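This report concerns only the one structure given below.
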Amino acid sequence: MPAQPLLDRFAAARRIAELRLQADDNIREQHVVSRVVLKQWTDRTRCLHAVSVTDRTARVIARGPGGLGKIPSFVPRASRSAEERWAMTERHVPRLVRLCDTDAILDDPDAAATLRDLVALHLVRTRSFWRVHVQGFRHEREALRQRARTFPGYANDFQRRFGRPPRTDEDHDFYFEMVLAQRSDIDFHSGLTFRYSVERMFDRCRAWMADRQIQIVHPSSGEFLVGDAPVVLLDRRGRLEPGVGVTLGNASQILMPVTPQSLVAFGPTAKGEVAAHVVDELNTYQVRAAHTHVFVRPGSGLENFVRSTRFDSIAATA
């Protein structure tokens, strides 16, 4: 990740200062997979099945969507405003899924824009994005350390603060840690920087998708499942994030199932109805990308597919 341009850093600092005023206004229970999306996989009992991808022997959890797909305090600071922003999109999901199931969304630009918002918010609400955020912060912090001595007024400020000019590497390291990096470190460890990153990546993802045609894929037989990291990024070779490090900048396709019968795609992929082996391939992406659970419709028979796909593939590569 390249060092952040100076103007971008100033804009980030201004936005983080604004978010600092909201830092203590938080919602603890946060869905990383929208409850209204999970609802599409429920049966007549209003439950869906959650299958573990960390323990092959774990029992299948049968529960309503309100009790699944959550990470408490995933966005730890200023989360209420983020949740309110997501809610503006999530309230349109029932209409969006109807339009996807009939392909009518392809002729509705406003609904298509809202669908892009739905995909974008699910991209940023994942543990994978948290890891990317941490890696990016560490990279930028080190780049700032390397450039710090070239900043205008650097030596004068050191002299003003400590009564003498900097002389040694230890002086520079001390100045960086105690003066230049202190505020950004505090904001990073509190989670405020992550709150800003979520907002920034949400906008970047929307812009990426706006340049590409929406495509809706339906199974000719079988059905789709959905994982707790439902947005899958593929590179030009069809490889999957996060295993090979596909990021938005080098992604070729973005995929997300929105119902058992509809998957939305951006970038080159199949269109219309797809055969059973393609459904299996698309479901495999979901299973491989998931962090703790994959969700299936009760009665679909996909529970064993999740286990064999996740655990047998791991054993084969061990």
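Nothing here was measured: the structure is a model prediction, and the numbers come from that model.
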Q | Heavy-atom closest pair, residues Pro65 and Thr42 | A | CD-CG2, 3.8 Å

(Q) One thing to verify: whether Arg149 and Asp171 come together as a salt bridge, which I'm taking to mean a side-chain N less than 4.0 angstrom from a carboxylate O. (A) no

**Q.** The single option from Leu118, Thr259, Val97 passing side-chain contact (heavy atoms from CB on, under 4.5 Å) against Val37
**A.** Leu118

Q) Would you find more than 12 non-hydrogen atoms of other residues, nucleotides or ligands less than 6.0 Å from Arg59 atom CZ? A) no

Q | Identified salt bridge (Lys or Arg N to Asp or Glu O under 4.0 Å) partner of Asp312 from the options Arg307, Arg288, Arg56 | A | Arg56

Q | Shared hydrophobic cluster, Met178 / Phe158 (ILVMFWY, side-chain heavy atoms < 4.5 Å) | A | yes

Q: Give a yes or no answer on whether the side chain of Asn283 reaches the backbone of Glu223 with a donor-acceptor pair at less than 3.5 Å.
A: yes

Q: Flag the pair Gln286 / Leu255 as yes when at least one side-chain heavy-atom distance between them is below 4.5 Å, and no otherwise.
A: no

(Q) Within the structure provided, determine whether Leu115 and Met209 are in side-chain contact (heavy-atom separation under 4.5 Å). (A) no

Q. What's the shortest heavy-atom distance between Leu225 and Trp41, and which atoms?
A. CA-NE1, 3.7 Å

Q. Atom CE of Met201 and atom CZ of Phe194: how far apart are they, to the nearest 0.5 Å?
A. 10.5 Å

Q: Please check if atom NZ in Lys70 has more than 12 non-hydrogen atoms from other residues, nucleotides or ligands closer than 6.0 Å.
A: yes

Q) For Arg44, does the CZ atom have more than 12 heavy-atom neighbours from other residues, nucleotides or ligands under 6.0 Å away? A) no

Q) CG of Leu180 to CZ of Arg147: how many Å apart, nearest 0.5 Å? A) 11.0 Å

Q: Identify whether Phe162 and Phe151 are in the same connected component of the hydrophobic contact network (ILVMFWY, side-chain heavy atoms under 4.5 Å).
A: yes

Q) Should we say atom CZ of Arg35 is surrounded by more than 12 heavy atoms from elsewhere, each under 6.0 Å from it? A) no

Q. Between His293 and Phe295, what is the ring plane arrangement, given parallel below 30°, perpendicular above 60°, and tilted in between?
A. parallel

Q. If you look at every heavy atom in Phe266 and Arg212, which pair is closest and at what distance?
A. CD2-O, 4.0 Å

Q.
Nearest 0.5 Å, please: how far is CG in Asp280 from OG1 in Thr309?
A. 7.5 Å

Q: Return the set of residues passing side chain to side chain donor-acceptor pair (under 3.5 Å) with Glu83 (not counting sequence neighbours), or none when no residue passes.
A: none

Q | SB check Asp187 Arg195 (cutoff 4.0 Å) | A | no

Q: State, without any angle test, whether Thr114 and His92 hold a side-chain donor-acceptor pair at a distance under 3.5 Å.
A: no

Q. Side-chain heavy atoms under 4.5 angstrom apart, residues restricted to Ile, Leu, Val, Met, Phe, Trp, Tyr: same cluster for Ile186 and Val134?
A. no

Q. Can you list the residues that meet the side chain to side chain donor-acceptor pair (under 3.5 Å) rule with Ser262, with sequence neighbours excluded?
A. Asp101, His218

**Q.** More than 12 heavy atoms from other groups under 6.0 Å of CZ on Arg138
**A.** no

Q | Distance (rounded to the nearest 0.5 Å) between Asp55 CG and Arg310 CZ | A | 12.0 Å

Q. Is the closest side-chain heavy-atom distance between Val32 and Arg127 below 4.5 Å?
A. no

**Q.** Val274 vs Val279 side-chain heavy atoms within contact, under 4.5 Å
**A.** yes

(Q) Is any side-chain heavy atom of Leu144 closer than 4.5 Å to one of Phe176? (A) yes

Validation: residues 71-80 side-chain donor-acceptor distances under 3.5 Å, sequence neighbours left out:
unit_1	atom_1	unit_2	atom_2	d
Arg77	NH1	Asp24	OD1	3.3
Arg77	NH2	Asp24	OD1	2.9
Ser79	OG	Asn26	OD1	3.4
Ser79	OG	Ile27	N	2.8
Ser79	OG	Ile27	O	3.4
Arg80	NE	Asp25	OD1	2.6

Q) If you round to the nearest 0.5 Å, how far is CD of Glu303 from CZ of Arg297? A) 9.5 Å

Q: Please list, chain by chain and in numerical order, all residues satisfying side chain to side chain donor-acceptor pair (under 3.5 Å) with Arg91, sequence neighbours excluded.
A: none

(Q) Can you tell me how far apart SG (Cys47) and NZ (Lys39) are? Round to the nearest 0.5 Å. (A) 13.0 Å

Q) Any side-chain heavy atom of Leu123 sitting closer than 4.5 Å to one from Leu233? A) yes

Q: Spell out, as yes or no, whether a donor-acceptor pair under 3.5 Å connects the side chain of Gln40 to the backbone of Pro260.
A: no

Q. With a 4.5 Å limit on heavy-atom distance, are the side chains of Val119 and Arg116 in contact?
A. no

(Q) Quick check: closest heavy atoms across Gly66 and His31, and the distance to 0.1 Å? (A) O-NE2, 3.5 Å

Q. Got a sec, which residues hit side chain to side chain donor-acceptor pair (under 3.5 Å) with Ser52, two or more places apart in sequence or on another chain?
A. Thr54

Q: Mind listing the closest non-hydrogen atom pair of Val306 and Val287 along with its distance?
A: O-CG1, 3.6 Å

Q: State, yes or no, whether a side-chain contact exists between Val124 and Trp86 at a heavy-atom distance under 4.5 Å.
A: yes

Q) Is Glu199 salt-bridged to Arg15, cutoff N-O under 4.0 Å? A) yes

Q | Minimum heavy-atom distance between Ile254 and Cys205, given as atom pair plus value | A | CD1-SG, 4.2 Å

Q. Can you name the residues that form a ring pair (Phe, Tyr, Trp, His ring centres under 6.0 Å) with Tyr154, not counting sequence neighbours?
A. His172, Tyr175

Q: Verify whether the ring centers belonging to Phe188 and His133 lie closer than 6.0 Å.
A: yes

